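Okay, structure first, notes after.
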Amino acid sequence: MADIAPLVHFDGEIMPRERAGIAITASATLYGMSIYTVTHAHITDGEARIFRLPDHQARLHKSAAMIGMRNAATDITDEMISDAVAQVIRANAPTSDCFVRITIHAVSDVPGVRTADLKLTLSVFLYDARPILPPDGATLKTSLWRRTRDDAIPARAKVCGAYVNSCLAKQDALDAGCDDALFLNHDGFVSELTAANIFLVRDGTLITPDTSSDILEGITRRTILEIARTHDITVCERKVAITEVYTADEVFACGTSAFVTPITAIDNRPIGTGQCGPLTEQLRDALHAMQTNPSHGHLMRIALTTQ
Ligand code: PMP
């Protein structure tokens, strides 16, 4: 379990985490009707550097729009989210890197199964930036559970209730002795992991499932594509077959909580050399530089006052 910072932002206030709670009668509790995101905060030199917060805000609001949570754009503005993040960071003054979890909860009581005109509440909390996959290499099992289709629960929308799909696949993988699951979509193409996107390298080309492969459009995925393009690495977003992954030179997972993690085996088949490949290492280092060094841009800097 992650170590959670003691002070949280809930419903407009900073408070001890034990005081912040959603009612058992809320739509969020009853139907999983909440949307969320997680970003990374690098702590150094008396400041927190928050990675790509505007992209996370935009994805939250797109998720809300997709599922018809129509009042999210006006009720929980980007400014409210940035302020809440800054307040939580300042209140806890973390001393090491952390993840920042931002959730918009639908808190109307027993509203029935609808998504619009629900009362919305924002929460933000911090927890240790401990990676969700073993950083030196993770093993995957192709999931017996398929990724939810775009016309069932869109994977593109980061809706809390949709994460039951990820929970089922992750448990299946853990039970099989693997670190994570690899989802296929209903067309049988490779989609993503339970909380990370996937890339493969074949003959020097960086390939990743396209945005119509029932994936979450990861902000780390976008960052990796941008880094690759600036380094003149050929990139290709397209449908990916599982046997292409089995025979790839390198495979890696990427996401806020997975960073860049080399995948060393899938379904008991070793990938490449079974070690972190050279392109994976280059991209992992470049992502780390972007998340830590303000000269790369994309970082919101919050000064920390020592107490
Ligand atoms: N796919 C899923 C299903 C996820 O939950 C995540 C984590 N948010 C990702 C991919 C990676 O997205 P990001 O890079 O924005 O963290």
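As the structure is a prediction and not an experimental result, all values here were calculated from the model. The basis for the numbers below is simple: all heavy atoms, side chains too, and nothing from hydrogens, waters or symmetry mates. Residues take their numbers from the sequence shown, with the count starting at 1.
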Does the pair Phe252 and Arg284 meet the rule for a side chain to side chain contact (heavy atoms under 4.5 Å, CB included), with working shown?
CA-CA 10 Å; Phe252 65 86; Arg284 183 179 61 189; over 6 Å; no

Stepwise side chain to side chain contact (heavy atoms under 4.5 Å, CB included) test for Thr220 and Cys254
CA-CA 6 Å; Thr220 320; Cys254 76; 4.0 Å; yes

For the student: nearest non-hydrogen atoms of Ala162 and Ile153, plus distance:
CB-CG2, 3.5 Å

Side-chain donor-acceptor pair under 3.5 Å between Ser213 and Asp210, yes or no?
yes

Side-chain donor-acceptor contact under 3.5 Å, Arg52 with Thr223:
yes

Between His56 and Phe51, is the ring centroid distance below 6.0 Å?
no

Is it the case that the side chains of Lys170 and Ser143 hold a donor-acceptor pair, with the cut-off being a distance below 3.5 Å and no angle test?
no

Decide if the gap between the ring center of Phe125 and the ring center of Phe10 is smaller than 6.0 angstrom.
no

Quick one: do Glu192 and Arg156 make a salt bridge, cutoff under 4.0 Å?
no

Is there a side-chain contact between His231 and Gln282 in this structure, where contact means two heavy atoms from C-beta onward sitting under 4.5 Å apart?
yes

Donor-acceptor contact present, side-chain Thr115 to main-chain Ile67, <3.5 Å:
yes

Is the closest side-chain heavy-atom distance between Leu206 and Leu283 below 4.5 Å?
yes

Nearest-0.5 Å distance, CZ of residue Arg222 to OG1 of residue Thr208:
13.0 Å

Salt-bridge contact Glu244-Arg238 (side-chain N to carboxylate O under 4.0 Å)
yes

Tell me whether the count of non-hydrogen atoms from other residues, nucleotides or ligands lying under 6.0 Å of CG in Asn268 goes above 12.
no

hydrophobic_cluster_shared for Leu126 and Ile81, side chain cutoff 4.5 Å
yes

Parallel, tilted or perpendicular: which one describes the rings of His288 and His42, with boundaries at 30° and 60°?
perpendicular

For Ser191 versus Pro209, what's the shortest heavy-atom pair and its separation?
O-CG, 3.5 Å

Begin from the C-alpha positions of Asp75 and Leu122 and carry the test side chain to side chain contact (heavy atoms under 4.5 Å, CB included) through to its verdict.
CA-CA 10 Å; Asp75 293 6; Leu122 175 66; over 6 Å; no

Please examine the side chains of Leu133 and Leu193, heavy atoms only from C-beta on, and report whether any two atoms are closer than 4.5 Å.
yes

Do Ser108 side-chain atoms and Pro111 backbone N/O form a donor-acceptor pair below 3.5 Å?
no

In Å, rounded to the nearest 0.5 Å, how long is the span from CG of Asp214 to CG of Asn185?
5.0 Å

Is the backbone N or O of Arg269 less than 3.5 Å from a side-chain atom of Asp267, with the two atoms forming a donor-acceptor pair by type?
no

In short, Asp150 meets Pro154 closest at the heavy-atom pair OD1-CB, 3.6 Å

Report yes or no: does Ser63 contribute a side-chain atom to a donor-acceptor pair with the main-chain N or O of Ala157 at less than 3.5 Å?
no

Measure the spacing between CE of Met290 and CD of Glu226 and express it to the nearest 0.5 Å.
6.5 Å

Side chains of Asp203 and Thr205: donor-acceptor distance under 3.5 Å anywhere?
no

Rounded to the nearest 0.5 Å, how far apart are CD1 of Ile198 and CD1 of Ile263?
6.5 Å

Derivation of the side chain to side chain donor-acceptor pair (under 3.5 Å) call for Thr247 and Arg202
CA-CA 8 Å; Thr247 52; Arg202 286 172 66 91; 2.8 Å; yes

Should Ile102 and Val38 count as side-chain neighbours, where that means a heavy-atom distance under 4.5 Å?
no

With a 3.5 Å distance limit and no angle check, can you tell me whether Arg149 reaches the backbone of Asp151 through a side-chain donor-acceptor pair?
no

To the nearest 0.5 Å, what is the distance between CD (Gln87) and OG (Ser82)?
11.0 Å

Do Asn92 side-chain atoms and Val88 backbone N/O form a donor-acceptor pair below 3.5 Å?
yes

Evaluate the side-chain proximity of Phe199 to Val251: yes if any heavy-atom separation is below 4.5 Å, no if none is.
no

Do Asp187 and Lys239 meet the salt-bridge criterion of a basic N to acidic O distance under 4.0 Å?
no

Classify the side-chain pair Ser123/His9 by whether it contains a donor and acceptor separated by less than 3.5 Å.
no

Is it true that the side chains of Arg101 and Thr103 contain a donor and an acceptor less than 3.5 Å apart?
yes

Atom CG in Leu53, atom CD1 in Ile302: separation rounded to 0.5 Å?
8.0 Å

For the pair Asp97 (side chain) and Ile43 (backbone), establish whether a donor and an acceptor sit closer than 3.5 Å, ignoring hydrogens and angles.
yes

Would you say that Glu250 contacts Pro262 through its side chain, given a criterion of any heavy-atom pair below 4.5 Å between the two side chains?
no

Report yes or no: do Ile22 and Met33 belong to one cluster of Ile/Leu/Val/Met/Phe/Trp/Tyr joined by side chain heavy-atom distances under 4.5 Å?
no

The single option from Thr261, Thr264, Thr139 that satisfies side-chain hydrogen bond (donor to acceptor under 3.5 Å, both in side chains) with Asp179 is Thr139

Got Val8 and Pro16 here, is their nearest side-chain heavy-atom distance under 4.5 Å?
no

Side chain to side chain contact (heavy atoms under 4.5 Å, CB included), that's the test. Do Ile271 and Asp249 meet it? Break it down for me.
CA-CA 7 Å; Ile271 301 298; Asp249 303 318; over 6 Å; no

Could you tell me if Asp3 and Tyr127 have a donor-acceptor pair between their side chains, going purely by distance under 3.5 Å?
no

Do Val235 and Ile224 land in one hydrophobic cluster if side-chain heavy atoms of ILVMFWY residues count as linked below 4.5 Å?
yes

Below 4.5 Å, heavy atoms only, C-beta onward: do Leu299 and Ile50 meet side chain to side chain?
no

One thing to verify: whether Lys141 and Asp172 come together as a salt bridge, which I'm taking to mean a side-chain N less than 4.0 angstrom from a carboxylate O.
yes

Any Lys/Arg nitrogen of Arg221 or Glu237 sitting under 4.0 Å from an Asp/Glu carboxylate oxygen of the other?
yes

